[in-house]
Amino acid sequence: MSTEERIGGVTLDYSLYPGEDYYCDGEVEQELLKIVKENPPSAYDAVIAERADWPTLYHLSPARGNIVDWIPFDGTEKVLEIGAGPGAVTGTLSARTAEVTCIDLSRTRSLINAWRSRDRDNITIHVGNFGDVEPTLPLRYYDYIFLIGVFEYAASYLDVEEPFTCELERILPHLKPGGRLVIAIENRLGMKYFAGAREDHTSRFFDGITNYEDSPMAVRTFSRPALIRLLLGAGVPEDEIRFYYPYPDYKFSHTVFSDRRLPEGTELTDNIRNFDSGRMLLFDEKKAYDGMAADGLYPLFSNSFEVICGPELPVRYARFSDDRAPEYRIATLIRDDGVFKAARTDKAGEHLMRMLEAGKKLKERYAGRLNICPGEKFSESIIRFNYIEGESLEAALDRTIRRDRPGEALALLKEYILRIGSGSEPEVSDEDMIFQNIIIDAGGEWHAIDYEWSVDRIIPADELLLRALTVYMASDEKRREFLESSGILAELGITEDGLARAREEEQLFQERISGGVVPLGVLRSMIGGEVVIPEMVIRDDPKLLAQAMAEEEAREALLKEPEPEEPEPDLTSVQVYYDRGSGFSEEDSVFLPETYGDEGRITVVFEVPEDVKRLRVDPAICPCVVLLNEGKMNGRPTQALLKPETAADKESGAYLFLDGDPWFMWDMDKLKRAAGVSGASSEVELTWQMAGLPQTMADAMKEISGSRSGLKKLFGQR
């Protein structure tokens, strides 16, 4: 094997590769390699939804990159990623920094990483054992060193007495002065493990909680104090150790908290995350988090840690809106210098700029009743707002519930109505004026934040209230019980019919902004394991049973949902066949969704996988005349597509098909050479015009088609 390989702009260094992969997940890795070869990263969401399995989700979900995407890189950084695997994080790092050096023991996994990042030119992957590669790395060179889901395996690849301390001592000298070490790892005492989730690595109940006694594997995770002791022992100064708390965990974090912005219990509602195995449900984790957050204990029981050793970062909090259509996908960061909203796609930048304009209009409309900070443009894809210190209206209402003070709750809701309702100039409203987006500062001033979903019309106050109440009650049944039993809903004129209608409208609103993206919560229901509640727990907490039953019913409904039926092909359906070496067959063919337009014109676009030897396209299922207009391959005009190897006669620039089975065929090797295309799958775009022929006319034409003069006569040629 050569000591170096190039995949696009990515370099793979095999100089220290032992010759075989000692760590492998089996056939699934070959499937992943095929996926990343044939699909761009923008298609991964669709692939994940279609396959609906844990390995594809775990390795290819764009959400995996969230664990590093909140870090304020400036684009000049040189970073080292140890244990990069199939590149779940590498792509995010390479998009944000200048130079990424990866280390991974597996050649197959490194190939997956290289193929998915082949458009990058700043990635080098060293394939080999960390212990062998580390001495070859430059000292005091890297701005960041990342161990994402890797540190717990140190005993597996370092054969020394104290592998975890040894790894830290070997890594730290490679950081430049002022550099940072980043470790993402599960918390041995994470709340989910107490509540009945299996230990992530050993799949055993309570394995970490019982300190891995008699555990069959060498993997180890740590509590917060234990991690601090390891870092101090390796020479990291205590004042340079800072903890961040990715939620629900570091693998699929949608929120990152810190010691400077800890969560309220009401924020921790996304807890059943058993994607890869079943679990027990011994208690409601949200209720437990409510109390622990109130007592300041969340740092000890967070499911995961992200430890950053080095100078303090200016970020206190981050949230990623991933379960959305690309045009609405953003990140929100609370920093020392304000609140920043950043577009995560090119289209989302337009969404943010609309938010700026909406803020200006809302400030004018609500002057004197609600404080609105319009924000300012920070860059083409980022806007900045002032940070408002205070308590959310949601938290204030929760406090009245805990203290059983319905009068105070009603007063808050009536004040909300007064502040958001009156005024009609300019005509603008914020659909998302929910309680968590209203901040009450220490002086009693009310502030509205987050104007993403503003519209240029007046939404009545009772409609805004109804949606706010619907969202508020959806995440906690205790809230609904209080508002109903205290008579507050009746006092406000809220009926069950109104709430039912609001829930339906909320569902439609969420579907609109998701744009067909399958949320992680839905994927969990599709691929996650069962949730089991012991009988003794059920007897004590019947509500917990209802929660688990609702979860299981949703899961079963998704699993049993029938596949959408393929539409029946008609005479003008376009069918594509792939010959991978065994000839054409119906089993390896697809009907395309495109249909003929005016004057019988059609443009079809489809992928041709790399292993296809011959390509066949049937433009219809009837006698016809077809005129090929234009052909493109990977977006470039390709004349070879206009010259198929077809059995039909070509007259006057048109192809004549008289037997009811029209088809074009191309040899893919010849086509690729002519188009200058090689390697992975190819995108073919064809445009043609088709005129169907009645069977009687086709039969008549067959009778005279024996002579060239007869055909020329039919086409009006002399």
Side-chain angles (χ1 to χ4, degrees), residues 67 151-152 183-200 205-212 220-232 238-239 241-274 279-309 312 315-319 334 389-392 394-399 401-403 436 475-476 478-479 537 540-541 543-544 547:
I67 193 64
F151 187 56
E152 59 265 38
I183 300 173
I185 187 172
E186 292 85 358
N187 176 12
R188 181 174 70 81
L189 302 179
M191 178 66 75
K192 67 179 184 179
Y193 302 126
F194 286 97
R198 299 173 187 267
E199 205 279 348
D200 288 59
F205 292 113
F206 313 120
D207 216 6
I209 293 172
T210 56
N211 206 27
Y212 298 99
R220 293 291 183 269
T221 61
F222 305 94
S223 66
R224 189 179 192 275
L227 272 174
I228 292 173
R229 285 197 299 271
L230 281 171
L231 291 165
L232 291 174
E238 186 172 7
D239 62 355
I241 301 173
R242 294 176 179 84
F243 278 75
Y244 287 81
Y245 308 99
Y247 179 79
D249 56 31
Y250 80 83
K251 298 182 185 72
F252 296 104
S253 53
H254 56 63
T255 308
V256 179
F257 299 101
S258 73
D259 286 319
R260 294 194 294 160
R261 202 314 197 163
L262 289 170
E264 299 172 355
T266 53
E267 295 180 284
L268 306 174
T269 60
D270 193 6
N271 297 309
I272 298 181
R273 281 299 183 106
N274 56 322
R279 63 163 291 174
M280 294 187 292
L281 187 60
L282 302 181
F283 56 80
D284 187 334
E285 290 157 74
K286 180 189 174 301
K287 293 179 181 177
Y289 271 137
D290 283 349
M292 289 186 174
D295 291 344
L297 297 175
Y298 180 75
L300 296 178
F301 296 99
S302 171
N303 288 329
S304 292
F305 300 127
E306 185 168 13
V307 190
I308 299 186
C309 304
E312 186 171 42
V315 181
R316 307 177 189 179
Y317 167 95
R319 184 171 180 86
I334 299 177
E389 292 280 0
E391 179 184 47
S392 71
E394 180 179 81
L397 286 168
D398 284 342
R399 190 176 64 256
I401 293 175
R402 288 195 302 272
R403 298 175 179 177
Q436 69 187 57
S475 61
D476 193 335
K478 182 170 56 178
R479 293 169 171 172
V537 175
D540 285 347
D541 192 350
K543 289 183 180 179
L544 202 60
Q547 176 186 340

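What's counted below: heavy atoms across the whole structure, side chains too, no hydrogens, waters or symmetry copies.
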* To do: Assess whether side chain to side chain contact (heavy atoms under 4.5 Å, CB included) is satisfied between I183 and L231, documenting all intermediate values.
  => CA-CA 11 Å; I183 300 173; L231 291 165; 4.3 Å; yes
In Å and rounded to the nearest 0.5 Å, what is the [atom1] to [atom2] distance from [X] to [Y]?
X	Y	atom1	atom2	result
M292	S302	CE	OG	12.0 Å
R224	N187	CZ	CG	10.0 Å
R220	Y212	CZ	OH	7.0 Å
N211	S223	CG	OG	8.5 Å

List the atom of [X], the atom of [Y], and the distance in Å for their closest heavy-atom pair.
X	Y	result
P299	Y245	CB-OH, 3.2 Å
Y193	R198	CE2-O, 3.3 Å
F243	V307	CE2-CG2, 3.6 Å
F283	A288	CE1-CB, 3.8 Å
A184	E152	O-OE1, 4.4 Å

* **Any D249 side-chain heavy atom under 4.5 Å of E186 side chain** =>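 D249 vs E186: side chains apart.
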* To do: Answer yes or no: is there a side-chain heavy-atom contact under 4.5 Å between F222 and I185?
  =>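 Yes; the side chains approach each other to less than 4.5 Å.
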* Can M191 and L268 be said to form a side chain to side chain contact (heavy atoms under 4.5 Å, CB included), step by step? -> CA-CA 11 Å; M191 178 66 75; L268 306 174; over 6 Å; no
* To do: Applying side chain to side chain contact (heavy atoms under 4.5 Å, CB included), run through N271 and Y247 and close with a yes or a no.
  => CA-CA 9 Å; N271 297 309; Y247 179 79; 2.7 Å; yes
* Is there a donor-acceptor contact under 3.5 Å linking the side chains of T221 and R188? ->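 Per modelled atom types, T221 and R188 side chains form no pair under 3.5 Å.
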* Is there a donor-acceptor contact under 3.5 Å linking the side chains of Y250 and N303? ->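 No.
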* To do: Output all residues satisfying side-chain contact (heavy atoms from CB on, under 4.5 Å) with Q436, sequence neighbours left out; order by chain, then residue number.
  =>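 Here the qualifying residues are E394, I434.
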* With sequence neighbours left out, write down each residue that passes side-chain contact (heavy atoms from CB on, under 4.5 Å) with D476, or none if nothing qualifies. =>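 side-chain contact (heavy atoms from CB on, under 4.5 Å) check on D476 returns K286, K478, R479.
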* Under 6.0 Å between ring centres, would you say that holds for Y244 and F257? ->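 Distance test on ring centres: not under 6.0 Å, no.
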* Show your reasoning for whether side chain to side chain contact (heavy atoms under 4.5 Å, CB included) applies to Y317 and T255. => CA-CA 8 Å; Y317 167 95; T255 308; 3.5 Å; yes
